[in-house]
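Have a look at the structure below before the remarks.
Given the structure is predicted, the values throughout are model-derived calculations rather than measurements. Residues take their numbers from the sequence shown, with the count starting at 1.
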Amino acid sequence: MIGESLVNTHPAVLRNQLTTYESLRGEAAGDVVPLHIWRQMQDVAYALCVSTGARDVEAALAVARRELDDDRDPLTMT
């Protein structure tokens, strides 16, 4: 099932992967994506998939966002 990973990724690591991927995606928004950016995106996408148990990056992003939302402490949210 998507999102049921055997790995219990620490929320800080998952947040880092998510923000890194989103940052790289912003850098890749142009017509031509530099090769080093593309490679970094592929590496982070793979890590997100492993961390979340998803098979594609869009599903991994959705799972990561959901897990991070679920991980918030309601007493510290503003």
Side-chain angles (χ1 to χ4, degrees):
M1 180 177 202
I2 293 176
E4 289 190 17
S5 175
L6 297 176
V7 177
N8 188 9
T9 305
H10 191 279
V13 173
L14 196 56
R15 186 173 292 108
N16 184 327
Q17 291 172 344
L18 181 63
T19 57
T20 300
Y21 187 84
E22 290 173 340
S23 175
L24 290 168
R25 185 159 47 181
E27 291 183 45
D31 292 336
V32 178
V33 179
L35 184 57
H36 72 281
I37 298 295
W38 183 84
R39 285 183 178 154
Q40 287 177 338
M41 283 183 70
Q42 295 303 308
D43 289 345
V44 176
Y46 176 80
L48 275 164
C49 288
V50 169
S51 295
T52 62
R55 292 187 178 196
D56 65 80
V57 70
E58 292 305 319
L61 292 169
V63 170
R65 289 181 186 117
R66 184 176 65 238
E67 287 185 15
L68 290 172
D69 284 344
D70 291 348
D71 189 58
R72 285 188 183 167
D73 181 357
L75 299 176
T76 61
M77 291 183 1
T78 58

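Here the straight-line distance linking atom CE of M41 with atom NE2 of H36 works out to 12.0 Å at 0.5 Å rounding. The line from CZ of R15 to NE2 of H10 is 9.0 Å long, rounded to the nearest 0.5 Å.
The two residues A64 and T52 come nearest to each other via the heavy atoms N-CG2, 4.0 Å. Across N16 and T19, no two heavy atoms sit closer than the pair O-OG1, 3.2 Å. The heavy-atom pair separating L18 from L61 by the smallest distance is CD1-CD2, 3.5 Å. In terms of heavy atoms, S51 sits closest to L14 at CB-CD1, 4.0 Å.
Residues in residues 24-48 take part in these salt bridge (Lys or Arg N to Asp or Glu O under 4.0 Å) pairs, two or more places apart or across chains: R25-E58.
Among residues two or more places apart in sequence or in another chain, the side chain to side chain contact (heavy atoms under 4.5 Å, CB included) test is passed with A47 by Q17. Residues satisfying the side chain to side chain contact (heavy atoms under 4.5 Å, CB included) test with Q42, not counting sequence neighbours, are W38.
L68 has its side chain within reach of P11: a pair of non-hydrogen atoms, C-beta onward, lies under 4.5 Å apart.
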